[in-house]
Amino acid sequence: MGLTRNRRKTDPEIVIARDTDSESSSSEEEEEEEDNYPVSESEEEEKPVKNGGKIELEKSKAKGKAPITVCKQPGHEAGFKGATYIDCPMKPCFLCKMPGHTTMSCPHRVVTSHGTLPTSHRNTKNPMEFVFKRQLQPRIPPIKPKYVIPDQVHCAVIRYHSRRVTCLEFHPTRNNILLSGDKKGQIGVWDFAKVYEKSVYGNIHSVQVNNMRFSPTNDDMFYSASSDGTVGYTDLETGTSSTLINLNPDGWQGPESWKMMYGMDINSEKGLVLVSDNFGFLHMIDQRSNNTTGEPVLIHKQRTKVVGLDCNPVQPELLLSCGNDHFARIWDLRKLQSGDSLNELKHKRVVNSAYFSPSSGTKIMTTCQDNRIRIWDSIFGDLDSPSREIVHSHDFNRHLTPFKAEWDPKDTSESLIVVGRYISENYNGAALHPIDFIDSSNGQLVAEVMDPNITTITPVNKLHPREDVLASGSSRSLFIWRPQEEKTEIEEEKKDKRIIICYGDSKKKGKKHKRGSDDEDEDDDMFSSRGKNIKLNKTQVKTTKSTRKTKT
DNA sequence: AAGGCATGTTTCC
DNA sequence: TGGAAACCCTGCCT
């Protein structure tokens, strides 16, 4: 049953254009931009001229050598043996968090149905459910379209950001413009059609960008919410930015009082920018005046982060929020009052994201830190328990941007979702972290997308609103994936020029990386060095083609 | 070039 | 309740 393994069937097409004309010209361009980066944090100053964005694979191997003892029992350990993770038998399964088995033998690890849990005690006789079935169901095509999976790296900017990517946003009308925010507060604007056209705005925020939205009334402007406690309103072309809210007008008074902006969405009907903070409050900005309206409303537990906001695409007065108090909540903006949500969706752990389905707005999907994606098939039905729970590895980790499962906005059946996977899989000796496409209506894994050159975890993913394009942020790099295409030789050639490698902090001290020195093995970028590594692994199995997975 | 460690957030007790 | 422990895949620095 249609599990397509979207791994390369042929040689990886992406070649790093090192020392070619195109590449060096790109690096010139690179420099120009990077000179404009403000160096805001002192730690940045101390960076060495050249840092090793080196070979993760070796690292993980190294890990095997220093096993972590995770229980008191002597001899019990956990860690990587090669590319395979071995768990401590005393700990609950790393995937589903249930005791009694290890990750390798987890029942949710079955290849085809990536661990859907059966519906529990659903009340199918609920009248609202009936109404839903009669009135709304007919609008949803019963036959699922054939999924087109963007499974090939089409272009990339390696080490584009100086810190890990935290959020992505496609331009609402210009198909090839991608916004990316990072941990440091910088925002990238990349035209991925003209691959080399990109810029980074470093003075909008001082720390982590958590969410970005384009203005529905002016395509050239976007909002951004940041952990610096501000909401920025920025001109896409010039980077000229104004601050619409600042929750820390008196500056740093210690961690107890420092406020941060997390969730953000726009209610275009009312012309409101909705933003949520780390103290449990919702703030509103009037788009016309660019000023706050009304008082902040407590929508989640006091002093907890409200990480996500989502306005219903059909009924914009319906707001979905989620946060660290283990709840997702549905609100009616017309009668928004603290404690007065329409519904409370309880979770076992922190809820990283909660989204209405993109076209009908009648489904809800949440990503929770208990390694489950939850689906409610109808907001009109029984919301006490989700319609489905899909066990999926997307653990919280301090080094990673929290994972969020995202709908495919183009899938009219509202079932295809994309989400990065935390736990690695042994693909012919290489530990890779695929990006999973899941049919959320049944939990089936539709495709696992990966590239042997990307060995980092990819927690940030977004599907294009109109085209078969996936954008993903992995560590400091951005990737654009498209479906496999017929390859002409011209295409092949072009591909060489589709990967941009940024030498990041190298120039901070006015010193250039050793570009001119005809660097033999100087590829400190992840794409090429990883590629090499994979080759090593391939030779082990005596083939230079196919990185076919050897999973059992 | 292998190893140390800063880092933040959540859960545990 | 607050303080401490845990943390499985970062990335930088020595």
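Keep in mind it's a predicted model, so treat the numbers as computed, not measured. Letters go in sequence order (proteins before strands), and every chain restarts at 1.
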Q | Atom pair distance, as rounded to whole Å: NE2 in His399(A) and C1' in dG8(B) | A | 9 Å
Q: Name the closest nucleotide to the Lys305(A) side chain, picking from dT9(B), dC8(C), dG11(C).
A: dT9(B)
Q. Mind checking the C1' distance from dC8(C) to dC13(B)? Whole angstroms is fine.
A. 24 Å
Q | Distance, P atom - from dT7(B) to dT14(C), rounded to whole angstrom | A | 14 Å
Q) Closest nucleotide of DNA chain C for Ile457(A) versus for Phe396(A): which of these residues is on the 5' side? A) Phe396(A)
Q. How long is the line joining CZ of Arg303(A) and P of dT9(B), in whole Å?
A. 14 Å
Q) What do you reckon, do Phe94(A) and the base of dC8(C) stack, with centroid distance below 5.5 Å and planes below 30°? A) yes
Q.
Just to verify, what does Pro402(A) make a side-chain contact (heavy atoms from CB on, under 4.5 Å) with, not counting sequence neighbours?
A. Asn352(A)
Q. Under 4.0 Å between a side-chain N/O of Arg398(A) and OP1 or OP2 of dC5(B), yes or no?
A. no
Q. Quick one: Asp370(A) CG to dT10(B) C1', roughly how many Å, whole number?
A. 13 Å
Q: To the nearest Å, give me how far apart CG (Asn397(A)) and P (dG11(C)) are.
A: 10 Å
Q. Can you name the residues that form a side chain to side chain donor-acceptor pair (under 3.5 Å) with Tyr262(A), not counting sequence neighbours?
A. none
**Q.** Comparing Pro92(A) and Arg164(A) on DNA chain C - which has the more 5′ nearest nucleotide
**A.** Pro92(A)
Q: Take the protein atom CZ of Arg159(A) and the nucleotide atom C1' of dC12(C), then report the distance between them rounded to whole Å.
A: 11 Å
Q. Which of the following nucleotides, dG11(C), dT10(C), dG8(B), is nearest to the side chain of Leu400(A)?
A. dT10(C)
Q.
Among residues at least two apart in sequence or on other chains, which ones pass side-chain contact (heavy atoms from CB on, under 4.5 Å) with Arg213(A)?
A. Glu169(A), Asn211(A), Met264(A), Asp265(A), Ile266(A), Lys462(A)
Q. Looking only at side chains, do Thr230(A) and Thr243(A) share a donor and an acceptor under 3.5 Å apart?
A. no
Q | Spacing between Lys183(A) atom NZ and dT7(B) atom C1', to the nearest angstrom | A | 8 Å
(Q) Using the side-chain contact (heavy atoms from CB on, under 4.5 Å) criterion, which residues pair with Cys96(A)? Sequence neighbours excluded. (A) Cys93(A), Met98(A), His101(A), Cys106(A), His108(A), Arg372(A), Val391(A)
Report, one pair per line, the protein and nucleotides 11-13 of chain B atoms (nitrogen or oxygen only) whose separation is under 3.5 Å.
unit_1	atom_1	unit_2	atom_2	d
dT11(B)	OP1	Arg349(A)	NE	3.0
dT11(B)	OP2	His326(A)	NE2	3.4

Q: To the nearest Å, give me how far apart CZ (Arg163(A)) and P (dG11(C)) are.
A: 10 Å
Q.
Distance to the ring centre below 6.0 angstrom and angle to the axis at most 45 degrees; does that hold for Lys198(A) and Tyr196(A)?
A. no
Q. What's the CZ-P distance between Phe403(A) and dC8(C), to the nearest Å?
A. 15 Å
(Q) Test of understanding: with side-chain contact (heavy atoms from CB on, under 4.5 Å), list the residues that count as partners of Glu256(A), not counting sequence neighbours. (A) Arg303(A)
